[in-house]
Amino acid sequence: MLKLWLPDGSSRTAESGISGKELIAGLDPSLKKEVICLKVDGELKDLSTLLPADAEVSLVRRSDPEAIEVLRHSAAHIMAQAVKRLFPEAKLAIGPAIENGFYYDFDLPRPLPPEDLAVIEEEMKRIIKEDYPFIRQLVPKEEALARLRAAGEKFKEELVSELEDGEISFYQQGEFTDLCRGPHLPSTRYLQAFKLTSIAGAYWRGDSSREMLQRIYGTAFFSREELDAYFKLLEEAARRDHRKLGRELDLFSTDDQIGAGLILWHPKGGRVRQVIEDFWRDEHRKNGYELVFTPHLGRSQLWETSGHLGFYRENMYSGMEVEGQEYLIKPMNCPFHIAIYKSRSRSYRELPFRWAELGTVYRYERSGVLHGLLRVRGFTQDDAHIFCRPDQMPEEIDRVLAFCLKILRAFGFKEFKLYLATRPEKSVGAEERWAAATEALRTAIEKTGLPYEVDEGGGAFYGPKIDLKIKDALGREWQCSTIQFDFNEPERFELTYKGADSQDHQPYMIHRALLGSLERFFGILVENYEGAFPLWLAPVQAVVLPVLPANLEYAGELYDWLRASGIRAELDSRNEKIGYRIREAQMQKVPYMLVVGSKEAESGQVAVRTRKEGDLGVWSREELLARMEKEIAEKS
RNA sequence: GCCAGCGUAGCUCAAUCGGCAGAGCAGCUGAUUUGUAAUCAGCAGGUUAUCGGUUCAAGUCCGAUCGCUGGCUCCA
């Protein structure tokens with residue numbers, strides 16, 4: 001006998017030795033239709049599985065989180081079957097479910113143009129209509145290898161050869177059989193709402209020295225509505241694309257003649273950046289940081305000492321020779337901050353040092369990875385380095401993490417996820433230091449009460465780190481902040497401070513960036529706000545609109561008064577109708593539109609219209625300014 | 001860097017089989033005197049990314065370079 005758990009939490013007993021299909025036969029028909037597969041003693045199984053005795057079985061319904069993965073994985077198989085029908089000589093690689101869909105990698109006789117997606121979709125629809133059951137087969141490893149070799153499936157063969165001896169499972173649907181762990185949908189007809197989305201190159205096993213395969217991406221849902229909603233979300237993301245908004249709102253650009261990945265900040269983007277920087281500097285001063293400034297170049301010897309020429313050279317631009325000395329453009333600020341530390345001897349009494357810099361660095365990124373503001377070759381990090389004693393270290397970590405959250409929250413981000421990356425196999429530094437630092441990071445994370453994951457072995461070779469991801473208005477995650485220990489550079493530069501015991505000690509060194517880079521962070525902000533910046537960040541906070549040229553004098557007076565009050569105001573006195581100018585200001589996402597006609601000029605008032613609420617009627621100037629100042633102070 | 005797709009006016013896009021490069025918006029000039037999301041007219045705007053090739057003829061076909069897009073690898 002086995003125990004069957006129903007979704008409502010109740011349980012009943014059932015015979016063992018029957019299949020899942022038979023098991024659910026007696027259930028409520030509406031529930032029966034919902035069941036995709038089973039969980040037997042916590043493991044996902046096909047509905048056709050013969051159930052063992054004494055098992056605990058629960059039903060996996062369409063709405064359960066595991067079900068969508070089963071659906072998508074089966075969709076990948078159906079796509080592979082379709083591709084095999086169209087290209088019998090295709091070689092199969094892997095085809096998993098992923099976050100928003102699925103993919104399958106193939107080695108194909110010719111490159112697929114995008115038009116082929118529709119052809120493959122048609123074939124998939126045929127397979128779905130033919131309604132093949134997914135049939136699981138168990139084959140001994142040797143036989144599986146022989147079978148795959150005979151079929152010329154070299155990628156699959158490689159995968160099986162690395163599995164442990166024993167039974168290997170295959171799944172068959174119609175004429176198509178594929179190596180697979182499963183489970184799958186009961187039959188192909190269960191796939192109703194799907195779409196193939198793109199074709200891309202992908203290295204076999206993600207290794208750039210191996211074959212380039214063709215990857216077909218698609219997505220699938222249980223209902224048409226969910227599929228449509230997904231594409232709506234993609235459209236929404238396209239509307240928010242910072243590259244599009246950057247052009248439309250005149251925030252930034254790039255120029256072929258200047259080079260890829262090099263950003264031109266236009267005046268309006270520059271205003272936003274200035275506000276961000278001013279806020280950042282103020283907060284750093286309040287939080288015990290000193291601001292430093294360092295050059296863009298340094299002699300190659302510096303990078304030799306720091307070790308960057310060893311482990312970072314492929315990301316650095318080639319050097320330039322000046323009077324027989326080689327200079328390199330900086331990809332990081334740390335060696336310069338270290339040089340400040342080393343400019344004189346340091347005492348334990350002085351520590352900690354918290355030195356921050358908006359340091360512009362240049363990194364050679366391979367051309368294929370560049371993307372708008374989010375991945376560039378020249379960028380300004382909101383960098384800082386903390387040098388402290390071991391006894392200060394835990395508190396410094398606490399402080400820096402709390403500070404980080406405070407800054408990010410000011411920009412309207414509310415959801416965070418933290419990742420603690422621990423010591424990788426290949427690394428430098430004393431074991432005690434790694435242990436103490438990792439512990440301090442973990443404790444600091446736990447104090448925040450925020451969700452986190454441990455990325456075992458995911459740290460840099462020189463130290464453990466915390467990466468912090470923010471969630472934007474569309475629920476997308478972005479990594480900005482990072483807090484990293486460095487056990488490498490203090491050693492290489494022989495950093496010391498004189499302790500109370502008159503001995504030399506090595507300080508802890510912590511790298512940290514809160515916003516990450518100003519370019520990237522600005523890009524994320526543009527997408528998060530869809531270009532409609534809150535008042536404190538808006539490049540143009542208010543535009544003054546005289547109704548008639550006769551009102552220009554009063555409009556100019558209001559404009560001057562706003563500017564004098566610290567508001568980023570503009571005056572639009574163009575010879576256009578008021579509706580035209582309002583439309584333009586609205587499309588430029590200006591928060592306040594201030595209409596002044598003869599009535600306002602006489603009374604010394606202003607007709608206020610906001611981007612969000614529309615016409616608010618006639619206000620006194622003081623009321624308007626009070627409202628704006630409050631909104632700016634609240635960063636709302 | 002690799003795979004695939006792409007590059008026409010500031011922007012969005014036309015241009016049939018290789019046969020005179022075109023429109024809307026933006027810009028400029030003029031008229032209009034305007035009250036909460038587009039007033040009208042005229043003008044100007046191009047070495048079709050760049051360089052080379054095939055052809056009587058190239059935006060269109062071929063090659064190289066630069067750049068962009070989506071992925072892969074890598075990452076703030």
Side-chain angles (χ1 to χ4, degrees), chain A residues 103 105 108 110-117 197-217 238 241 243-244 247-248 250 253-262 312 314-315 331-332 359 361 363-383 460 467-468 478-482 484 511-521 523-524 545-551 574-588 593-600 607-611 613-618:
Chain A
Y103 68 79
D105 287 347
L108 293 171
R110 64 166 173 86
L112 293 179
E115 302 84 75
D116 280 342
L117 289 181
T197 50
S198 63
I199 300 167
Y203 298 110
W204 169 234
R205 312 200 96 174
D207 182 342
S208 57
S209 68
R210 303 202 64 181
E211 293 94 327
M212 174 63 74
L213 305 172
Q214 295 193 70
R215 173 171 298 178
I216 306 177
Y217 283 94
D241 192 312
R243 294 164 300 187
K244 172 177 167 279
R247 185 173 53 241
E248 288 172 1
D250 200 12
S253 64
T254 55
D255 186 321
D256 290 9
Q257 286 205 63
I258 291 167
L262 301 169
Y312 208 72
E314 60 178 27
N315 285 293
M332 295 187 188
V361 298
R363 297 182 184 174
Y364 166 64
E365 298 286 355
R366 288 180 288 179
S367 54
V369 307
L370 300 172
H371 180 92
L373 292 173
L374 302 181
R375 192 78 184 270
V376 295
R377 284 180 172 159
F379 58 101
T380 302
Q381 287 184 305
D382 69 317
D383 207 358
D467 285 332
L468 193 152
W478 304 95
Q479 196 210 312
C480 298
S481 321
T482 183
Q484 310 191 347
H511 306 258
R512 53 107 278 205
L514 308 183
L515 310 177
S517 91
L518 289 173
E519 285 75 8
R520 179 180 164 80
F521 190 72
I524 293 167
L545 305 168
V547 176
L548 293 174
N551 311 125
R574 286 177 302 169
N575 181 13
E576 297 287 353
K577 286 167 73 171
I578 194 74
Y580 177 90
R581 286 173 287 154
I582 283 174
R583 176 185 151 85
E584 190 136 300
Q586 191 76 37
M587 291 197 308
Q588 285 293 307
M593 286 154 265
L594 307 174
V595 178
V596 290
S598 305
K599 282 180 285 184
E600 288 77 18
V608 178
R609 181 194 167 94
T610 69
R611 177 177 69 198
E613 301 154 283
D615 192 351
L616 296 183
V618 179

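Quick note: numbers below take in every heavy atom, side chains included, and nothing from hydrogens, waters or symmetry partners.
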*Asks:* Using a 4.0 Å cut-off on protein heavy atoms (strictly under), produce a 5'-to-3' string for nucleotides 8-17 of chain B with B for base contact, S for backbone-only sugar-phosphate contact, and - for none.
*Replies:* ---SS-----
*Asks:* For A:Ala550 and A:Gly259, find the nucleotide of RNA chain B closest to each by heavy atoms; which residue's nucleotide sits nearer the 5' end?
*Replies:*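 With A:Ala550 and A:Gly259 compared, the 5'-side residue is A:Ala550.
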*Asks:* For A:Arg581 and B:A26, give me the distance from atom CZ to atom C1', rounded to whole Å.
*Replies:*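 Taking CZ of A:Arg581 and C1' of B:A26, I get 17 Å after rounding.
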*Asks:* Taking ring pair (Phe, Tyr, Trp, His ring centres under 6.0 Å) as the test, write out the residues that go with A:Trp204, two or more places apart.
*Replies:*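 Counting only residues at least two positions away or on another chain, A:Trp204 forms a ring pair (Phe, Tyr, Trp, His ring centres under 6.0 Å) with A:Phe155.
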*Asks:* A:Gln479: which residues meet the side-chain contact (heavy atoms from CB on, under 4.5 Å) condition with it, sequence neighbours left out?
*Replies:*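 Applying side-chain contact (heavy atoms from CB on, under 4.5 Å) to A:Gln479 gives A:Asp467, A:Lys469, A:Thr482, A:Arg520.
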*Asks:* Mind calculating the distance between CD (A:Gln214) and C1' (B:G5) to the nearest angstrom?
*Replies:*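 The distance from CD of A:Gln214 to C1' of B:G5 comes to 12 Å, rounded to the nearest Å.
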*Asks:* Excluding sequence neighbours, so at least two apart, what forms side-chain hydrogen bond (donor to acceptor under 3.5 Å, both in side chains) with A:Ser253?
*Replies:*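 Counting only residues at least two positions away or on another chain, A:Ser253 forms a side-chain hydrogen bond (donor to acceptor under 3.5 Å, both in side chains) with A:His266.
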*Asks:* Nearest to the side chain of A:Ala607, which nucleotide is it out of B:A4, B:U34, B:G35?
*Replies:*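 Among the listed nucleotides, the one closest to the side chain of A:Ala607 is B:G35.
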*Asks:* Start with the C-alpha gap between A:Asp116 and A:Gln214, add the side-chain angles, then the distance that decides, and say whether side chain to side chain contact (heavy atoms under 4.5 Å, CB included) holds.
*Replies:* CA-CA 12 Å; A:Asp116 280 342; A:Gln214 295 193 70; over 6 Å; no
*Asks:* A:Glu314: what forms a side-chain hydrogen bond (donor to acceptor under 3.5 Å, both in side chains) with it, not counting sequence neighbours?
*Replies:*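 With neighbours one apart ignored, the set is empty.
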*Asks:* Not counting sequence neighbours, which residues clear side-chain hydrogen bond (donor to acceptor under 3.5 Å, both in side chains) with A:Ser208? List them please.
*Replies:*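 Listed in chain order: nothing, the list is empty.
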*Asks:* When the P atoms of B:G7 and B:G63 are compared, how many Å lie between them, rounded to an integer?
*Replies:*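 B:G63 and B:G7 have their P atoms separated by 15 Å.
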*Asks:* When you check every protein heavy atom under 4.0 Å of nucleotides 70-76 of chain B, what one-letter string (B, S, -) results, 5' to 3'?
*Replies:* BBBBBBB
*Asks:* Tell me what A:Asp256 touches on the nucleic acid: a base, only sugar-phosphate, or nothing, going by heavy atoms under 4.0 Å.
*Replies:*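 Result for A:Asp256 = sugar-phosphate.
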*Asks:* How would you list, by chain and number, every residue that makes a side-chain contact (heavy atoms from CB on, under 4.5 Å) with A:Arg581, sequence neighbours excluded?
*Replies:*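 Partners of A:Arg581 under the side-chain contact (heavy atoms from CB on, under 4.5 Å) test: A:Leu545, A:Pro546, A:Asp572, A:Arg574, A:Glu576, A:Ile578.
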*Asks:* Base, sugar-phosphate, or nothing: which does A:Ala585 touch, judged by heavy atoms less than 4.0 Å apart?
*Replies:*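 Here A:Ala585 touches no strand at all.
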*Asks:* Between A:Ala260 and A:Val547, which is nearer to the 5' end of RNA chain B once each is assigned its nearest nucleotide?
*Replies:*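 Counting from the 5' end, the first nearest nucleotide belongs to A:Val547.
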*Asks:* Who pairs with A:Tyr217 by ring pair (Phe, Tyr, Trp, His ring centres under 6.0 Å), at least two apart in sequence or on another chain?
*Replies:*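 Ring pair (Phe, Tyr, Trp, His ring centres under 6.0 Å) list for A:Tyr217, sorted by chain: A:Tyr103.
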*Asks:* What stems show up for RNA chain B when you take Watson-Crick pairs (N1-N3 plus N6-O4 or O6-N4) and G-U wobbles (N1-O2, O6-N3), both under 3.5 Å, and require three or more consecutive pairs?
*Replies:*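 Result, WC/G-U stems under 3.5 Å: B:1-7 with B:66-72, B:10-13 with B:22-25, B:27-31 with B:39-43, B:49-53 with B:61-65.
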*Asks:* So what does A:Glu115 touch, heavy atoms closer than 4.0 Å: a base, only the sugar-phosphate, or nothing?
*Replies:*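 Result for A:Glu115 = nothing.
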*Asks:* Measure CG/A:Asp250 against P/B:A26 and give the value in whole Å, please.
*Replies:*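 Taking CG of A:Asp250 and P of B:A26, I get 16 Å after rounding.
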*Asks:* Check the pair A:Arg609 / A:Asp615 against salt bridge (charged side-chain N to carboxylate O under 4.0 Å, His left out), numbers first and verdict last.
*Replies:* CA-CA 4 Å; A:Arg609 181 194 167 94; A:Asp615 192 351; over 6 Å; no
*Asks:* So, using side-chain contact (heavy atoms from CB on, under 4.5 Å) as the criterion, who are the partners of A:Gln588 when residues are at least two apart?
*Replies:*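 Applying side-chain contact (heavy atoms from CB on, under 4.5 Å) to A:Gln588 gives A:Leu249, A:Lys268, A:Val590.
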*Asks:* May I have all residue pairs that pass salt bridge (Lys or Arg N to Asp or Glu O under 4.0 Å) and include part of residues 365-376 of chain A, sequence neighbours excluded?
*Replies:*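 Sorted result for residues 365-376 of chain A: A:Glu365-A:Arg375.
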